[in-house]
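Report on one structure; see the data block that follows.
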Amino acid sequence: MTTATDHQRMEKIVSLCKRRGFIFQAAEIYGGLNGVWDFGPLGVELKRNLKDYWWRVMVRERDDVVGLDGSILTHRAVLKASGHEDTFSDPMSTCKHCKRLQRADQIWPQIEQSDWYDALAEMFALGRLDTPNLQRWAETKGRRDAPNLAIVRNFPVTLSWLSERLERTGGGAELPMREFVQHLATEQFNQTGLVTPCPHCGGELTEPRPFNLMFRTNMGASGDDETSIAYLRPETAQSIFVQFKNVLDTARKKLPFGIAQIGKAFRNEINPRNYIFRSREFEQMELEYFCAPEDGMRLLDYWLEERLRFYENIGIPRAKLHVLTVPDADRAFYSKGTYDIEYEFPFGVQELEGVAYRTDYDLTQHQNASGKPLEYFDEETKAKFVPHVVEPSAGVDRTVLALICEAFAEETVTDEKGKSETRTVMRFHPRIAPVKVGVFPLLKNKPDLVAKAREVHALLKPHMMTFYDEAGAIGRRYRRQDEAGTPFGLTIDFETLGERGDELRDTVTLRHRDSMQQERVKIADLLGKLLPQVM
RNA sequence: GCGGGUGUAGCUUAAUGGUAAAGCUGUAGCCUUCCAAGCUACUGACGAGGGUUCGAUUCCCUUCACCCGCUCCA
């Protein structure tokens, strides 16, 4: 459950993200674009660090995974074969009374399964759909199960329209049952025409509106005819499946092996929500790990553990993660097992990543649709088969948001004079922190300090993201970096210059963000000390 | 898509049918020997469009965005 406190916490996080330059609304000066966000200077560093670390552990440090960068514009046939085009272009209707949103093509099957339909169907079958029977039904079962059906709400008016219609068509005998039900749902025929009732309450449904979760576009000069249709990909996975054969032929890999990809994907979500959590344009980090059929279930569990370890390594504690074993009923029909890795966001426990055993569904679909063999020949067993696949699929933006939520902290600090104030600090793991180290001359108006500080800055710059700041009091600069989540601060002072003896010459103050503790470090030792912590 | 709420400077908040105010932040300068010190100056806002009005940030309508609830989430 989310509470008011969680809500306030989330608002503070959103505010900080804007104030410090992590996340901005897209096209803000034009009023914003629904469900689309831009990453500012700190946000892009954070996001890049996350992606780089994923790529490092998922691709570069493994012998059994190679990378791919597929196109965003996607051939229509790809998404036809994958099932996306059909699944995503259903017309949707809304009930004007109970407000339920439903797939238009499933309305009649649902009506025919509904409680209120049975008695009507029976009367219809027996030829007993006369006024007294209808009225009795409307006042009893109808009132209970379909309170918003026109014949229930307004019996006389609806009946008069129905009678008129029956007269014109020469009695109800030729009228199909569905049309009859539509008449019972129609209160003002002249205004609305025949109404299809809501399966849940009998209320009037809106005209079906096509709702396609995929963004469609047109390619080529010829413009907008059927043949020019292309889509922005709704997931990165499909280009991996489509290029499976090419990678297999060129990368010299044997099963089991994986193909990894990081990239943008687009879904025209009905309702983007929760800050950047559900956006219409988002980024995925996906691995398709191909294997023999008998290894699928084992590898599903293997990858779940690998991925949980990943989140711990970027600073999201295991205790804040939940593993949901997706029940059979909620799983895609082709999946033999799916785990959702969820995080405790302030707005609720929500999915960061799905780890799914997708069987050989995708490759088989593309093999059948393209007519090109996508099989694997095992030299040892001499067996030829379509590989199965386990897919850990993570949301970049969701994980960035989780990192931000996890890092955000407010603490009360009391100074020497006993005055207490709030310190806002982003406790990012040094590995993913946008800026690794702040470099400060203790005082701005002492040229020797400034020169030395610039020297130290230049030393570190090629190796990690740094920030140089000489403006204002030193404490102020520390606190500013706390809000940005910079784990280390280096201050060049008079000791550095050798004014307190040679012992301290060329040493600097290293200040730690979380503890605010300081230590003395030789400039020559800085890289060796800091680099391992930020890698 | 429906219902409810909210939109004034980067942030937090004022006021007003008649020149939009402040604190913090930011920037520049002075000062400053380790945790948002001080002084000076500056930048900067009524989400957008239309209507009513002599005049609208204020009243009305539309629209956009964000938040909450439903719904949706292959």
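Proteins come first, then strands; the chains are lettered A, B, ... in the order of their sequence lines, and each starts at number 1.
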- Query: Between Lys12(A) and Glu410(A), is there a salt bridge with N-O shorter than 4.0 Å?
  - Reply: yes
- Query: Among residues 449-456 of chain A, which contact RNA chain B at a heavy-atom distance under 4.0 Å?
  - Reply: none
Show the atom names and distances, to 0.1 Å, of all donor-acceptor pairs under 3.5 Å that link a side chain in residues 73-82 of chain A to residues at least two apart or in another chain.
from     : atom 1 : to        : atom 2 : distance (Å)
Thr74(A) : OG1    : Ile72(A)  : O      : 2.9
His75(A) : ND1    : Ala77(A)  : N      : 2.9
Arg76(A) : NE     : Glu85(A)  : OE2    : 2.6
Arg76(A) : NH1    : Glu226(A) : OE1    : 3.4
Lys80(A) : NZ     : Glu85(A)  : OE1    : 2.7
Ser82(A) : OG     : Val78(A)  : O      : 3.4
Ser82(A) : OG     : Leu79(A)  : O      : 3.2
Ser82(A) : OG     : His84(A)  : N      : 3.4
Ser82(A) : OG     : His84(A)  : ND1    : 2.5

- Task: Please confirm whether the backbone N or O of Gln481(A) pairs with a side-chain atom of Arg20(A), one donor and one acceptor, at under 3.5 Å?
- Result: no
- Note on the structure: Ordered by number, residues from residues 387-406 of chain A within less than 4.0 Å of RNA chain B (heavy atoms) are none
- Message: Considering only residues two or more places apart or on different chains, which pairs with a residue in residues 390-409 of chain A satisfy salt bridge (charged side-chain N to carboxylate O under 4.0 Å, His left out)?
- Response: Lys47(A)-Asp397(A), Lys320(A)-Glu406(A), Arg358(A)-Glu391(A)
What's touching nucleotides 60-66 of chain B from the protein side, N or O pairs under 3.5 Å?
from    : atom 1 : to       : atom 2 : distance (Å)
rC64(B) : O2'    : Gly31(A) : O      : 3.2
rA65(B) : OP1    : Asn34(A) : N      : 3.3
rA65(B) : O4'    : Gly31(A) : O      : 2.9
rA65(B) : O3'    : Gln25(A) : NE2    : 3.1
rA65(B) : O2'    : Gln25(A) : NE2    : 2.3
rC66(B) : OP1    : Gly35(A) : N      : 3.1
rC66(B) : OP2    : Asn34(A) : ND2    : 2.3

- Under the salt bridge (charged side-chain N to carboxylate O under 4.0 Å, His left out) rule, what pairs show up with a residue in residues 332-356 of chain A, not counting sequence neighbours? Arg307(A)-Glu353(A)
- Determine the contact category for Glu483(A): base if any of its heavy atoms lies under 4.0 Å from a base atom, sugar-phosphate if only primed atoms, P, OP1 or OP2 are that close, otherwise nothing. base
- Partners of Asp469(A) by salt bridge (charged side-chain N to carboxylate O under 4.0 Å, His left out), sequence neighbours excluded? Arg480(A)
I'd like a table of donor-acceptor pairs (distance under 3.5 Å, sequence neighbours excluded) in which one partner is a side-chain atom from residues 31-42 of chain A, with atom names and distances.
from     : atom 1 : to        : atom 2 : distance (Å)
Asn34(A) : OD1    : Arg280(A) : NH1    : 2.8
Trp37(A) : NE1    : Tyr275(A) : O      : 3.4

- Item | Residues which pass ring pair (Phe, Tyr, Trp, His ring centres under 6.0 Å) with His366(A), listed by chain and number, not counting sequence neighbours | none
- Message: Suppose you measure atom P in rU27(B) against the same atom in rC70(B); what distance do you get, rounded to whole Å?
- Response: 43 Å
- Please collect all salt bridge (charged side-chain N to carboxylate O under 4.0 Å, His left out) contacts where either partner lies in residues 506-516 of chain A, sequence neighbours excluded, each pair once. Arg427(A)-Asp514(A), Lys452(A)-Asp506(A), Asp482(A)-Arg511(A)
- Item | Residues in contact with RNA chain B, drawn from residues 11-19 of chain A - heavy-atom cutoff 4.0 Å | Ser15(A), Lys18(A), Arg19(A)
- Message: Between Ser15(A) (side chain only) and Glu11(A) (backbone N and O only), is there a donor and an acceptor less than 3.5 Å apart?
- Response: no
- Message: Do the side chains of Arg479(A) and Glu421(A) get close enough for a salt bridge, i.e. N-O under 4.0 angstrom?
- Response: yes
- Quick one: are the ring centres of Phe333(A) and Tyr361(A) less than 6.0 Å apart? yes
- Note on the structure: 5' to 3', nucleotides 26-34 of chain B under a 4.0 Å protein heavy-atom cut-off (B base, S sugar-phosphate only, - none) gives SS-S-SBBB
